[in-house]
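Data first, discussion second: the structure below is written as structure tokens.
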Amino acid sequence: MVKIISIIIFTWCFVFPSVLRASLFPSIDINSPNLTVEKAAKQCEKSLMHAPDQLEAWCEKAYSLGDWEALYYIGVHTGDGSRYLEEINSRIANNEYSALKKLAWIYRSGHFVKKDLKESARLYELYLLHDNEMNFQTVSAHFELSTIYQKLGMWNKVISHTDYVINYANRTDWEHRAQYIQKQAKASLAENESLNKN
């Protein structure tokens with residue numbers, strides 16, 4: 001009985017991970033003439049977790065097919081995001097304003113650059129100046145700004161950006177979080193005003 005259980009456990013430990021890996025990272029011919037940018041990009045993204053030894057090959061392939069964001073995964077993998085930053089700056093110079101949002105996120109997170117919330121806020125605000133649509137990306141930028149300004153203690157700006165999220169978010173979780181952040185901001189603002197009167 002113990003032998004049977006040991007064999008089952010042994011098999012489970014060594015067979016199951018390889019089956020799982022194969023299902024999460026399917027075998028696709030990187031040189032196939034039918035390879036699409038979407039498939040290459042997905043393989044690039046998945047390789048970060050499931051096949052790091054293949055990451056650079058897949059991400060370079062995705063980049064060569066037109067997915068410039070594949071450079072992000074190369075940067076994460078190698079620890080050098082300079083190519084990704086160069087690509088973003090090049091796209092910003094060519095008036096591709098969605099790249100501003102990517103750069104703002106990088107400064108907020110501290111990936112590849114020193115974390116700088118004020119620079120991140122400036123870039124998100126610049127992005128919103130060029131974004132004339134009301135869509136998920138716009139709401140997302142307002143939400144990010146509300147959390148940045150919360151960390152910076154800029155309560156009026158927090159209230160302004162959370163108002164936008166509350167009014168236009170199609171996601172209840174964002175709406176609830178924005179309401180909570182706004183409530184905290186209003187309380188902090190009232191407390192500051194009270195202290196200034198004394």
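Values reported hereafter were calculated over all heavy atoms of this structure, with side chains retained and with hydrogens, waters and symmetry mates removed.
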| field | Hydrophobic cluster membership, I166 vs V158, 4.5 Å side-chain cutoff | value | no
| request: Write down the atom of A41, the atom of D67, and the distance for their closest heavy-atom approach. | output: CB-OD2, 3.1 Å
| message | Using every non-hydrogen atom in the two residues, find where C44 and L55 come nearest and quote the distance to one decimal. | response | O-CD1, 4.2 Å
| request: Please tell me if the side chains of I74 and Y84 come closer than 4.5 Å, counting only heavy atoms from C-beta onward. | output: no
| Within a reach of under 6.0 Å around OH of Y168, are more than 12 heavy atoms found that belong to other residues, nucleotides or ligands? | no
| query | Are S82 and D80 close enough, and set up right, to give a side chain to side chain donor-acceptor pair (under 3.5 Å), and what steps lead you there? | reply | CA-CA 6 Å; S82 58; D80 177 12; 2.8 Å; yes
| query | Is there a chain of hydrophobic side chains (I, L, V, M, F, W, Y, each step under 4.5 Å between heavy atoms) that links Y73 to M49? | reply | no
| query | In terms of hydrophobic clusters joined by side-chain contacts under 4.5 Å, are L145 and L152 together? | reply | yes
| message | Within the structure provided, determine whether E56 and T78 are in side-chain contact (heavy-atom separation under 4.5 Å). | response | yes
| Should the pair R83 and Y63 be classed as cation-pi, given the thresholds of under 6.0 Å to the six-membered ring centre and 45° from the axis? | yes
| request: Tell me, with the steps shown, if E191 and S188 meet side-chain contact (heavy atoms from CB on, under 4.5 Å). | output: CA-CA 5 Å; E191 185 180 321; S188 294; 5.5 Å; no
| Roughly how far apart are I92 CD1 and L103 CG, rounded to 0.5 Å? | 4.5 Å
| In Å and rounded to the nearest 0.5 Å, what is the CG to CG distance from L35 to L65? | 6.0 Å
| Y127 OH to S140 OG distance, which is reported to the nearest 0.5 Å | 8.0 Å
| task | Could you tell me the separation between the OG atom of S27 and the CD atom of Q43, rounded to the nearest 0.5 Å? | result | 8.5 Å
| Where do A62 and A70 come nearest, in terms of heavy atoms and distance? | CB-CB, 3.9 Å
| note | On a heavy-atom basis, the closest approach of K61 and S64 is O-OG, 2.7 Å
| query | Same hydrophobic cluster for I88 and V113, using side-chain heavy-atom links shorter than 4.5 Å among ILVMFWY? | reply | yes
| request: Report whether Y180 and W155 are members of the same hydrophobic cluster (ILVMFWY, side-chain heavy atoms less than 4.5 Å apart, transitive linking). | output: no
| Is any side-chain heavy atom of E125 closer than 4.5 Å to a side-chain heavy atom of H161? | yes
| query | Side chains of W68 and K102: does their closest heavy-atom pair fall under 4.5 Å? | reply | yes
| message | Are the side chains of K118 and Y107 in contact, using a 4.5 Å heavy-atom criterion? | response | no
| query | Looking at V165 and V139, what are the two nearest heavy atoms and their distance? | reply | CG2-O, 3.9 Å
| message | Using 0.5 Å steps for rounding, measure from the CD atom of E86 to the CG atom of L71. | response | 9.5 Å
| query | Would a 4.5 Å heavy-atom cut-off, applied to side chains only, mark R91 and Y97 as touching? | reply | no
| F143 and Y164, any side-chain heavy atoms less than 4.5 Å apart | no
| note | Here the gap from S47 atom OG to H77 atom NE2, rounded to the nearest 0.5 Å, amounts to 8.0 Å
| field | Minimum heavy-atom distance between A57 and I30, given as atom pair plus value | value | O-CD1, 3.5 Å
| query | When you look at CG of N170, are more than 12 heavy atoms from neighbouring residues, nucleotides or ligands closer to it than 6.0 Å? | reply | no
| request: Please examine the side chains of N34 and D29, heavy atoms only from C-beta on, and report whether any two atoms are closer than 4.5 Å. | output: no
| query | Would you say F136 has more than 12 foreign heavy atoms packed within less than 6.0 Å of its CZ? | reply | yes
| task | Examine the side chains of N135 and T138 and answer whether a donor and an acceptor come within less than 3.5 Å of each other. | result | yes
| task | Evaluate the criterion side-chain contact (heavy atoms from CB on, under 4.5 Å) for residue pair L117 and R108; output intermediate values, then yes/no. | result | CA-CA 5 Å; L117 294 179; R108 181 188 173 154; 4.1 Å; yes
| request: Could you please spell out the steps behind the salt bridge (Lys or Arg N to Asp or Glu O under 4.0 Å) verdict for K101 and E144? | output: CA-CA 10 Å; K101 192 167 183 262; E144 293 295 332; over 6 Å; no
| said: Test of understanding: with salt bridge (charged side-chain N to carboxylate O under 4.0 Å, His left out), list the residues that count as partners of R177, not counting sequence neighbours. | reply: none
| query | Is the F112 ring parallel, tilted or perpendicular to the Y72 ring (thresholds 30°, 60°)? | reply | perpendicular
